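Quick notes on the structure that follows.
Computed from a predicted structure; not experimentally measured.
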Amino acid sequence: MEQRYQAVLAVIGDGVAVTEAASRFGVARQTLHRWLARYERGGLAALADRSHAARDCPHQMAPAVEVLVLEMRRGHPGWGPRRLLHELGRAGVDPLPSRSGIYRALKRAGLIDPNARKRRAEKFKRWERGGPMELWQMDVVGGVMLADGSALKVLTGVDDHSRFCVCAGLMVRATSRAVCAHFAAAMRVHGVPQEILTDNGKVFTGRFGNKPVEVLFDRICRENGIDHLLTAPRSPTTTGKIERFHRTLRDEFLTGRVFATRAAAQRELDEWVSDYNINRPHQSLNMDTPAKRFTATAVNARPADDSALTAERTGEHWVSRRVGGNGVVSVTWQQISVGKHRAGRDVDIHVGEHILQIWDGPELLKTAKRTSSGEVRKKRASIAR
């Protein structure tokens with residue numbers, strides 16, 4: 001401060017040129033001009049040391065945005081930084097803060113415990129099917145409380161590719177008929193998946209009893225051409241998507257709630273499922289909604305047959321055939337070649353009124369004109385479309 005004052009006095013009091021005075025005191029000419037301007041505005045006090053900190057930070061979160069983040073978090077304790085960032089974007093906030101900035105804001109406000117988060121185990125690998133309707137995961141969960149003190153169970157089902165909830169039906173007890181009624185209803189609405197993944201519960205399979213039997217659920221799968229997959233014992237991570245859906249269901253819908261009647265509970269559950277499918281973004285889908293990713297097309301979904309519960313419909317059929325050694329399959333007394341390299345493989349054939357389509361898994365092998373009107377035998381397919 002003393003050096004600045006002497007330099008200013010040399011120019012003002014002694015009449016020394018600015019360039020000469022700057023050289024004498026070892027500073028730039030522009031610096032001395034700034035000292036002179038400060039002295040003229042505020043006198044000797046204006047020559048005191050000043051803070052060199054930036055006046056503002058262009059990437060710092062605006063106070064109004066931080067308040068909005070904290071209010072969102074308090075209103076929805078389950079929302080993390082990624083979901084909060086997504087909701088800010090939907091609310092039209094511009095510019096958007098960074099995800100790490102939101103995390104730091106939550107940490108400063110004491111709304112997040114940095115030690116509570118568990119890292120994903122290295123051995124856990126996320127997997128999913130390539131398209132919708134390839135695989136459904138299904139399970140039964142309890143915890144729906146009624147005002148009379150009784151409790152209900154829910155048959156839940158999600159599409160593996162899109163996380164779309166295809167089934168959420170309430171029942172008093174998880175009996176085979178109640179489970180299969182909800183399962184059949186889901187297929188009537190969304191179509192028939194290629195595969196179903198469940199645990200080894202008795203309502204789902206009877207393969208592991210003293211005398212293996214075909215339960216109603218297995219029969220529906222067989223007669224609709226669905227491959228029924230089972231988890232290994234004590235392996236809940238195999239059905240990880242449905243288990244994660246149960247956690248969301250408990251946190252956002254069931255916790256602390258008591259419903260007046262079963263009908264009221266089902267009505268509110270349907271509303272919650274609709275919001276989950278259509279409006280709620282999903283982190284594993286890059287913040288898309290399940291409904292946006294769930295598109296059941298004619299290739300990966302066909303109408304449910306429900307032959308185990310209702311009379312079989314007439315019209316078009318799916319049948320399964322094994323390719324002969326000469327590469328030929330026969331259906332409705334008509335022989336079609338699909339190539340000797342496919343000898344011994346099971347293929348699915350869609351029998352239309354005028355057209356036959358031969359499928360090997362998801363691959364359409366051939367489309368042929370139907371030249372025979374013979375009887376269609378074995379009206380089922382080994383793999384659903």
Side-chain angles (χ1 to χ4, degrees), residues 50-122 124-128 141 143-144 154 156 158-165 168 237 240-259 268-294:
R50 293 182 176 181
S51 173
H52 293 279
R55 295 181 180 179
D56 57 6
C57 183
H59 60 269
Q60 184 178 10
M61 189 186 308
V65 175
E66 185 168 350
V67 169
L68 181 58
V69 167
L70 299 182
E71 289 302 315
M72 283 184 173
R73 172 70 176 197
R74 293 188 179 99
H76 303 275
W79 289 4
R82 183 181 297 179
R83 177 67 184 277
L84 290 169
L85 179 60
H86 179 76
E87 294 298 333
L88 290 175
R90 295 176 66 178
V93 174
D94 185 37
L96 284 172
S98 66
R99 198 168 74 183
S100 58
I102 295 176
Y103 174 83
R104 290 192 296 269
L106 296 176
K107 186 177 176 182
R108 285 194 302 269
L111 297 179
I112 195 168
D113 182 3
N115 299 319
R117 184 178 178 181
K118 295 181 180 179
R119 288 187 175 273
R120 185 187 300 272
E122 292 287 338
F124 292 162
K125 302 297 181 183
R126 176 176 289 173
W127 57 272
E128 68 177 26
V141 64
V144 182
V154 191
T156 56
V158 297
D159 178 73
D160 185 86
H161 174 73
S162 63
R163 278 63 164 185
F164 187 91
C165 178
T237 56
K241 295 183 180 67
I242 193 67
E243 296 293 346
R244 183 61 182 85
F245 176 78
H246 288 170
R247 174 179 160 186
T248 302
L249 178 67
R250 293 189 186 98
D251 291 345
E252 299 185 7
F253 180 74
L254 295 179
T255 301
R257 301 193 64 185
V258 178
F259 302 93
E268 294 190 38
L269 178 58
D270 291 342
E271 292 175 358
W272 181 86
V273 168
S274 177
D275 181 73
Y276 176 90
N277 285 336
I278 299 173
N279 300 320
R280 185 183 186 278
H282 204 292
Q283 291 188 14
S284 64
L285 305 180
N286 292 324
M287 304 310 289
D288 275 345
T289 60
K292 188 175 180 180
R293 206 173 184 190
F294 183 79

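Once rounded to the nearest 0.5 Å, the distance linking NZ of Lys292 with CG of Leu285 reads 10.5 Å. The distance from the CG atom of Asp288 to the NE2 atom of His86 is 8.5 Å, given to the nearest 0.5 Å. Atoms OG and NZ, on Ser284 and Lys241 in that order, are 8.0 Å from each other to the nearest 0.5 Å. Here Thr289 contributes atom OG1 and His282 contributes atom NE2; the two are 10.5 Å apart, rounded to the nearest 0.5 Å. Ile102 contributes atom CD1, which lies 9.5 Å from atom CG of Leu68 (distance to the nearest 0.5 angstrom).
Taking Glu87 as the reference, Arg83, Arg90 meet the salt bridge (charged side-chain N to carboxylate O under 4.0 Å, His left out) condition, with sequence neighbours excluded. The side chain to side chain donor-acceptor pair (under 3.5 Å) search around Glu243 returns none, not counting sequence neighbours. A search for salt bridge (charged side-chain N to carboxylate O under 4.0 Å, His left out) contacts involving Lys107 returns nothing, not counting sequence neighbours. Every side-chain contact (heavy atoms from CB on, under 4.5 Å) that Leu111 has, sequence neighbours left out, goes to Leu70, Arg73, Arg74, Leu106, Ala109. For Ala62, the side-chain contact (heavy atoms from CB on, under 4.5 Å) criterion is met by Val65, not counting sequence neighbours. With sequence neighbours left out, Phe259 forms a ring pair (Phe, Tyr, Trp, His ring centres under 6.0 Å) with Phe253.
Pairing each heavy atom of Ala291 with each of Ile278, the nearest pair is CB-CA, 4.1 Å. Here the closest non-hydrogen pair linking Asn277 and Arg163 is OD1-O, 4.4 Å. Minimum heavy-atom separation, Ser98 to Gly101: OG-N, 3.0 Å.
Residue Pro97 forms a side-chain contact (heavy atoms from CB on, under 4.5 Å) with just one option from Gln60, Glu66, Arg104, Met61, and that option is Met61. Each of Phe164, Phe245, Phe294 was evaluated against Tyr276; a single residue qualifies, Phe245, per the ring-ring contact (aromatic ring centres under 6.0 Å, His included) test. Checked options Leu88, Leu85, Val69; the residue passing with Val93 is Leu88 (criterion: side-chain contact (heavy atoms from CB on, under 4.5 Å)).
Within 6.0 Å of CG in Asn279 there are more than 12 heavy atoms belonging to other residues, nucleotides or ligands.
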Worksheet item: Would Ile242 and Val141 count as a side chain to side chain contact (heavy atoms under 4.5 Å, CB included) if you check the C-alpha gap in whole Å, the side-chain angles of each, and the deciding distance to 0.1 Å?
Response: CA-CA 10 Å; Ile242 193 67; Val141 64; over 6 Å; no
Worksheet item: How far apart are the C-alpha atoms of Trp272 and Thr248, what are their side-chain angles, what is the distance that settles it, and do they pass the side chain to side chain contact (heavy atoms under 4.5 Å, CB included) test?
Response: CA-CA 11 Å; Trp272 181 86; Thr248 302; 4.0 Å; yes
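Judged by distance alone, the side chain of Arg82 and the main-chain N or O of Arg99 form no donor-acceptor pair under 3.5 Å.
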